[in-house]
Protein chains: 2
Amino acid sequence: MPHNHKLIYYINKWVSITSDEEAKIISAFELKSAAKKELMLEPGEVCEYIYFITKGAMRSYFVDDKGNEHIFQIRLENGWISDLESFFTQRKSNYYLEALEDVEVLRISSSRLEALYEEVPKLERYFRILFQKAYINSLERLNATMWDSAIERYNDLVKEQSDIFQRVPLVYIASYLGITPESLSRIRKKKS
Amino acid sequence: MPHNHKLIYYINKWVSITSDEEAKIISAFELKSAAKKELMLEPGEVCEYIYFITKGAMRSYFVDDKGNEHIFQIRLENGWISDLESFFTQRKSNYYLEALEDVEVLRISSSRLEALYEEVPKLERYFRILFQKAYINSLERLNATMWDSAIERYNDLVKEQSDIFQRVPLVYIASYLGITPESLSRIRKKKS
DNA sequence: TAACTCACTTGACCTATGATAAGAAATGAA
DNA sequence: TTCATTTCTTATCATAGGTCAAGTGAGTTA
């Protein structure tokens with residue numbers, strides 16, 4: 001399946017679009033590829049794009065005052081990634097966006113997306129639904145971080161996204177879970 | 001300012017609507033009031049409505065296996081509250097929605113809102129923006145919960161929402177911050 | 001006035017997880 | 001096949017915050 005069609009496939013799961021709208025959407029996105037470890041965004045820059053990953057894996061992270069990296073999101077193919085805050089406000093980002101593997105993405109700029117909402121109102125519905133779900137998801141992750149132990153969060157992640165364990169170094173997964181690599185290592189030891 | 005106009009005022013901050021659209025929106029929402037401690041949703045029910053608070057304060061919370069309450073959201077007037085997961089999926093909720101003070105709300109059902117999106121597409125834009133912002137916000141709260149100490153989270157809350165300290169019991173604020181009332185008490189002692 | 005309740009505080013102790021530092025295993029480069 | 005780098009594990013110790021249990025103080029009810 002060509003890259004564009006994957007995007008359309010996922011949009012079509014939530015809103016039904018005509019082939020005319022499909023064409024408009026496809027032409028609004030640009031295809032871009034990046035090698036493993038390449039950065040698509042650095043702190044201080046404005047996040048110009050929102051990215052739909054068609055191949056590979058990416059992460060977003062920030063570096064705190066003490067120089068520690070904290071991972072915010074890990075996304076595989078068919079997921080969206082961006083620094084939404086910077087993307088929507090057009091203010092400087094505090095985040096890095098990095099390719100964890102060689103990746104291919106479809107990207108669209110903020111202004112182009114605004115224009116596309118006018119051309120294809122159903123796309124705005126798609127994004128409304130997307131953010132809705134992302135919000136619900138993030139509240140659940142918040143809940144788990146507040147009230148579940150690291151072990152429970154680890155088990156949930158294994159259950160729901162076991163694929164990332166095959167593809168992403170454990171340091172990153174630990175950070176995503178909100179724990180140190182050492183703690184993750186202890187948890188994994190107990191399990192086996 | 002009458003209740004309805006408050007809602008319109010906040011919608012108008014993000015999308016400009018005509019007086020015709022305004023009328024359609026206003027007539028789609030129902031006014032409802034509830035006394036302090038009254039429940040608008042209980043676990044096992046489907047969350048039928050999304051609520052815009054025009055007066056008072058509400059909280060959403062759930063009760064874990066050990067019988068402990070965990071507060072998810074605290075919202076004052078001009079905020080939205082619901083169990084979005086249940087609202088959108090129309091499946092049973094795990095949450096309580098409770099009035100912390102005597103409240104007045106404007107509520108709309110899921111199906112009525114879907115219909116209203118068709119009548120007033122700009123409203124869908126408003127909700128797209130609302131969820132976008134809510135999502136960004138929730139990611140920040142997640143970040144703080146993972147990487148900041150309870151003291152820092154407390155200070156941030158004092159800075160950003162000092163009004164809730166005048167209106168909401170500390171037990172609830174502690175839970176919202178993801179700590180025990182005892183810990184919050186210790187933090188506040190150190191501060192003074 | 002006393003008795004009760006609600007909201008909060010205090011103290012003693014405990015535990016999950018962090019910090020630091022060192023080592024082992026895997027990967028990759030020469 | 002050796003050396004270097006990256007990734008993961010292990011051990012020891014430190015600490016933020018949890019748990020439990022008792023206490024204070026303001027407001028309400030009787």
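Each chain gets a letter, A, B and so on, in the order its sequence line appears, and its residues count up from 1.
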Legend entry - Contact interval (first through last nucleotide) of DNA chain D with protein chain A, 4.0 Å heavy-atom: D/dC8 to D/dT12
Legend entry - ring pair (Phe, Tyr, Trp, His ring centres under 6.0 Å), paired with B/Y95, selected from B/F87, B/Y61, B/F62: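 Single pass found, and it is B/F62.
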Inset, instruction - Can you pull out how bent the helix from C/dT1-D/dA30 to C/dA30-D/dT1 is, comparing the axes over its first five and last five pairs, to 10°? - result: 30°
Legend entry - Lys NZ or Arg CZ of A/R107 over A/Y49 ring: under 6.0 Å, within 45°: yes
Legend entry - Within 45° cone and under 6.0 Å: A/R128 NZ/CZ vs B/F127 ring: no
Inset, instruction - Could you pull out all residues at least two apart from B/K133 that satisfy side-chain hydrogen bond (donor to acceptor under 3.5 Å, both in side chains)? - result: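 Not a single residue meets the side-chain hydrogen bond (donor to acceptor under 3.5 Å, both in side chains) criterion with B/K133.
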Could you state the [atom1]-[atom2] distance from [X] to [N], rounded to the nearest angstrom?
| X | N | atom1 | atom2 | result |
| --- | --- | --- | --- | --- |
| A/L177 | C/dA16 | CG | C1' | 15 Å |
| A/K190 | C/dT15 | NZ | C1' | 11 Å |
| A/D64 | C/dG18 | CG | C1' | 13 Å |

Inset, instruction - Any pair with a residue in residues 167-188 of chain B that passes ring pair (Phe, Tyr, Trp, His ring centres under 6.0 Å), sequence neighbours left out, goes on the list, sorted by first then second residue, please. - result: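 Checked against ring pair (Phe, Tyr, Trp, His ring centres under 6.0 Å) - neighbours excluded - no pair reaches residues 167-188 of chain B.
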Legend entry - Phosphate-side-chain proximity, A/T180 and C/dT17, N/O vs OP1/OP2 below 4.0 Å: no
Identify each donor-acceptor pair in which a side-chain atom of residues 159-166 of chain A lies under 3.5 Å from a protein atom, sequence neighbours left out, and give them as a table.
none

Could you go over nucleotides 8-12 of chain C and give all protein N or O partners under 3.5 Å, atom names and distances?
from   : atom 1 : to     : atom 2 : distance (Å)
C/dC8  : OP1    : B/L170 : N      : 3.2
C/dC8  : OP2    : B/L170 : N      : 2.6
C/dC8  : OP2    : B/V171 : N      : 3.4
C/dT9  : OP2    : B/S185 : OG     : 2.8
C/dT9  : O5'    : B/S185 : OG     : 2.9
C/dG11 : O6     : B/R186 : NH2    : 3.0
C/dA12 : N6     : B/R186 : NH2    : 3.2

Legend entry - Single hit among B/K36, B/R167, B/R59 for salt bridge (charged side-chain N to carboxylate O under 4.0 Å, His left out) with B/E101: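 Single pass found, and it is B/R167.
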Inset, instruction - Output yes when a side-chain donor or acceptor of A/S109 lies under 3.5 Å from a complementary backbone atom of A/E48, and no otherwise. - result: no
Legend entry - Expected output: side-chain A/E118 to main-chain A/A115 donor-acceptor under 3.5 Å: no
Inset, instruction - Return the orientation label for the A/W80 and A/Y126 ring planes: parallel under 30°, perpendicular over 60°, tilted otherwise. - result: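 Ring orientation, 0 to 90° scale: tilted.
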